[in-house]
Amino acid sequence: MARELYNARLERKDCISEVSQCYHFVFVIDELESFPFTAGQFVSAVAEDAKGKMQTRAYSVASAANGNRFELCVNRVEEGFFSNHLADLPDLPIGAIVQVHGPHGHFILHEPLTDSILVATGTGVAPMRGFLQWLFPVDGLDRSQGKDIWLVYGTRYETELYYHEEFEALAQRKANFHYLPTLSRAKEDWGGLRGYVQDHVARIVKERAAHLGLQVPQPAIDPSIPAADLRFDIYAYICGLNDMVSGVREQLAGFGWHKKQIVFERYD
Ligand SMILES: Cc1cc2nc3c(=O)[nH]c(=O)nc-3n(C[C@H](O)[C@H](O)[C@H](O)COP(=O)(O)OP(=O)(O)OC[C@H]3O[C@@H](n4cnc5c(N)ncnc54)[C@H](O)[C@@H]3O)c2cc1C
């Protein structure tokens with residue numbers, strides 16, 4: 001069946017990091033009254049390349065559902081077609097059209113909500129921003145149910161931490177949201193965390209287990225229990241490039257985490 005293509009009109013485009021050439025986009029689908037999706041899902045964007053070939057790329061929505069608007073966070077990939085096509089959309093005059101279909105994907109929060117470790121690098125933070133907007137709406141009801149939500153966000157330099165002030169402000173506003181930005185190539189004046197996301201994920205898992213009196217690694221689950229009956233009190237959601245995603249998955253498996261507790265989205 002042909003997928004329905006929508007015309008998404010560019011309403012706003014901001015360069016949020018000159019160094020890594022990352023852009024934040026706001027699109028409106030005028031032909032729809034609302035564009036419903038679950039936070040964490042992606043849209044597929046479609047455009048013709050210079051050779052007349054139709055190209056499709058997935059982009060996580062960087063916002064929670066909001067009428068007929070959706071937001072994206074995209075960085076230029078060297079020699080890549082689509083990321084540069086988006087980054088080059090004119091913002092003067094504003095209003096370029098990009099065709100999209102969707103929403104798609106299963107990178108969404110588990111229900112009922114549990115404590116959650118969100119782990120991202122680079123633009124992998126896009127669906128996390130969607131989760132956080134859904135959990136902690138600025139002018140709506142808090143949906144986090146007091147669960148602890150950690151965002152472990154890794155990049156090389158401070159200039160590549162997208163939405164940093166926004167996450168800092170959220171952490172100030174909500175005691176159960178813990179923001180852990182970490183830099184692998186921090187300059188000397190960086191006063192925050194250093195190293196890779198794995199270092200901090202390990203610390204969260206161990207400290208939480210110690211606090212709750214749980215064992216690490218957690219004891220193996222009885223394999224006779226049907227997968228549908230398994231209940232966990234914590235999940236991890238990992239998004240970014242494959243190397244990081246695989247690294248964190250292996251690490252959590254080493255802590256005895258069940259594969260159902262580890263939800264991930266790979267960008268490459
Ligand atoms: C489910 C899903 C969601 C995604 N969400 C986002 C998002 O929110 N923001 C975003 O910027 N990208 C996202 N991506 C990646 C995106 O779909 C494209 O792959 C990316 O924009 C590169 O496309 P391109 O046409 O510019 O490069 P291409 O011409 O397709 O590829 C050029 C080369 O770059 C590599 N590459 C692909 N993605 C990256 C990357 N992010 N960084 C470094 N190298 C890369 C490819 O493996 C390839 O070798 C997502 C991918 C998936 C599968």
Side-chain angles (χ1 to χ4, degrees), residues 1-14 16-17 20-29 31-32 34-51 53-66 68-89 96-110 118-134 153-155 160 162-163 236-246 248-249 262-268:
M1 200 175 75
R3 297 175 190 277
E4 187 161 6
L5 274 181
Y6 303 116
N7 291 309
R9 174 174 55 84
L10 182 63
E11 189 181 61
R12 195 181 163 133
K13 174 185 159 197
D14 294 297
I16 56 174
S17 169
S20 55
Q21 280 294 295
C22 185
Y23 292 82
H24 178 80
F25 300 89
V26 181
F27 286 99
V28 188
I29 306 181
E31 67 220 68
L32 296 180
S34 74
F35 181 56
F37 59 89
T38 305
Q41 288 193 294
F42 65 87
V43 292
S44 291
V46 182
E48 202 176 289
D49 69 13
K51 292 180 187 149
K53 192 171 170 230
M54 289 312 271
Q55 299 281 353
T56 303
R57 297 287 185 281
Y59 291 100
S60 302
V61 182
S63 51
N66 170 25
N68 57 356
R69 283 182 168 67
F70 67 91
E71 301 177 22
L72 300 182
C73 169
V74 179
N75 67 338
R76 287 187 193 269
V77 168
E78 222 177 299
E79 315 228 340
F81 164 67
F82 222 113
S83 56
N84 289 291
H85 172 72
L86 291 174
D88 290 335
L89 288 176
I97 299 291
V98 175
Q99 293 201 301
V100 298
H101 58 78
H104 303 296
H106 303 285
F107 189 72
I108 57 176
L109 293 170
H110 261 266
L118 316 181
V119 189
T121 49
T123 54
V125 80
M128 310 308 184
R129 184 173 184 261
F131 289 157
L132 294 170
Q133 286 190 355
W134 185 83
Y153 183 21
T155 62
E160 297 171 334
Y162 316 137
Y163 313 111
Y237 301 86
I238 315 164
C239 185
L241 295 179
N242 187 37
D243 278 355
M244 180 282 286
V245 173
S246 307
V248 178
R249 287 176 66 204
I262 309 169
V263 187
F264 61 93
E265 187 91 282
R266 284 184 296 226
Y267 278 2
D268 60 339

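Below, all heavy atoms of this structure are taken into account, side chains as well, without hydrogens, waters or symmetry copies.
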Undergrad: Please test Y59 against L86 for side chain to side chain contact (heavy atoms under 4.5 Å, CB included), starting from the C-alpha separation and ending with a verdict.
TA: CA-CA 11 Å; Y59 291 100; L86 291 174; 3.8 Å; yes

Undergrad: Which pair of non-hydrogen atoms, one from Y153 and one from T121, has the smallest distance, and what is that distance?
TA: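 Between these two residues, the closest heavy atoms are CE1-C, 4.2 Å.
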
Undergrad: With sequence neighbours excluded, what pairs up with S34 under the side chain to side chain contact (heavy atoms under 4.5 Å, CB included) test?
TA: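 Residues passing side chain to side chain contact (heavy atoms under 4.5 Å, CB included) with S34: P36.
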
Undergrad: What pair of heavy atoms forms the shortest contact from E31 to L5, and how long is it?
TA: OE2-O, 3.9 Å

Undergrad: Is any side-chain heavy atom of H104 closer than 4.5 Å to a side-chain heavy atom of S44?
TA: yes

Undergrad: What pairs with H24 under side-chain hydrogen bond (donor to acceptor under 3.5 Å, both in side chains), at least two apart in sequence or on another chain?
TA: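 Partners of H24 by the side-chain hydrogen bond (donor to acceptor under 3.5 Å, both in side chains) criterion, ordered by chain and then number, come out as E71, Y163.
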
Undergrad: Do you know the tightest heavy-atom contact between V245 and C239?
TA: CG2-C, 4.3 Å

Undergrad: Is any side-chain heavy atom of C73 closer than 4.5 Å to one of I16?
TA: yes

Undergrad: Quick one, F264 with V248, criterion side chain to side chain contact (heavy atoms under 4.5 Å, CB included). Give me CA distance, side-chain angles, the key distance, then yes/no.
TA: CA-CA 10 Å; F264 61 93; V248 178; over 6 Å; no

Undergrad: Any idea how H85 and F81 line up, ring-wise: parallel (<30°), tilted (30 to 60°), or perpendicular (>60°)?
TA: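 Parallel: the ring planes of H85 and F81 meet at under 30°.
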
Undergrad: Backbone N or O of N242 within a donor-acceptor pair of the D268 side chain at under 3.5 Å?
TA: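 Yes, D268 side chain to N242 backbone: donor-acceptor pair under 3.5 Å.
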
Undergrad: Decide yes or no for N7 and Q99: does some side-chain heavy atom of the first lie under 4.5 Å from some side-chain heavy atom of the second?
TA: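 Yes, side chains in contact.
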
Undergrad: Can you see which heavy atom on V98 is nearest to which on A45, and at what distance?
TA: CG1-CB, 4.2 Å

Undergrad: Say you draw a straight line from OG1 of T56 to CZ of R3; how long is it, rounded to the nearest 0.5 Å?
TA: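 Going from the OG1 atom of T56 to the CZ atom of R3 covers 9.0 Å.
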
Undergrad: Return the orientation label for the H110 and Y237 ring planes: parallel under 30°, perpendicular over 60°, tilted otherwise.
TA: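 Judged by the thresholds at 30° and 60°, the geometry between H110 and Y237 is tilted.
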
Undergrad: For the CD atom of Q133 and the CG atom of N66, what is their distance to the nearest 0.5 Å?
TA: 8.0 Å

Undergrad: More than 12 foreign heavy atoms under 6.0 Å from CG of D243: is that the case here?
TA: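 Counting other residues, nucleotides and ligands, CG of D243 stays at 12 neighbours or fewer.
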
Undergrad: Quick one about T155 and Y162 (side-chain donor to acceptor, distance below 3.5 Å, no hydrogens or angles considered), yes or no?
TA: no

Undergrad: Looking only at heavy atoms, which two atoms of G40 and F131 are closest? And how far apart?
TA: CA-CE2, 3.6 Å

Undergrad: Less than 3.5 Å apart, any donor N or O on the side chain of Y23 or Q21 sitting next to an acceptor on the other?
TA: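 On atom types as modelled, these side chains qualify, holding a pair under 3.5 Å.
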
Undergrad: If you define the side chain from C-beta out and look only at heavy atoms, does anything of S60 sit under 4.5 Å from F107?
TA: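 No, their side chains stay 4.5 Å or more apart.
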
Undergrad: Do C22 and T123 have side chains that approach each other closer than 4.5 Å (heavy atoms only, starting at C-beta)?
TA: yes

Undergrad: So, do V43 and Y6 sit near enough that their side-chain heavy atoms are less than 4.5 Å apart?
TA: no

Undergrad: Going by heavy atoms in the side chains, are I108 and Q41 under 4.5 Å from each other?
TA: yes

Undergrad: Of all residues at least two apart in sequence or in a different chain, which pass the salt bridge (Lys or Arg N to Asp or Glu O under 4.0 Å) check with R69?
TA: E11

Undergrad: Measure the CG-CE distance between L118 and M128 for me, rounded to the nearest 0.5 Å.
TA: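 Taking CG in L118 and CE in M128, the distance rounds to 5.5 Å.
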
Undergrad: Might you point out which heavy atoms bring P127 and Y267 nearest each other, and give the distance in Å?
TA: CD-OH, 3.5 Å

Undergrad: For D14, check salt bridge (Lys or Arg N to Asp or Glu O under 4.0 Å) against everything at least two apart and list the hits.
TA: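 Expected list: R12.
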
Undergrad: Hey, does the side chain of N84 reach the backbone of V77 with a donor-acceptor pair shorter than 3.5 angstrom?
TA: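 Present.
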
Undergrad: Identify, with sequence neighbours excluded, every residue that meets salt bridge (Lys or Arg N to Asp or Glu O under 4.0 Å) alongside D88.
TA: R76

Undergrad: For R57, which residues count as a salt bridge (Lys or Arg N to Asp or Glu O under 4.0 Å) partner, sequence neighbours excluded?
TA: none

Undergrad: Just one of F37, F27, F42 clears the ring-ring contact (aromatic ring centres under 6.0 Å, His included) bar with F70, so which one?
TA: F27

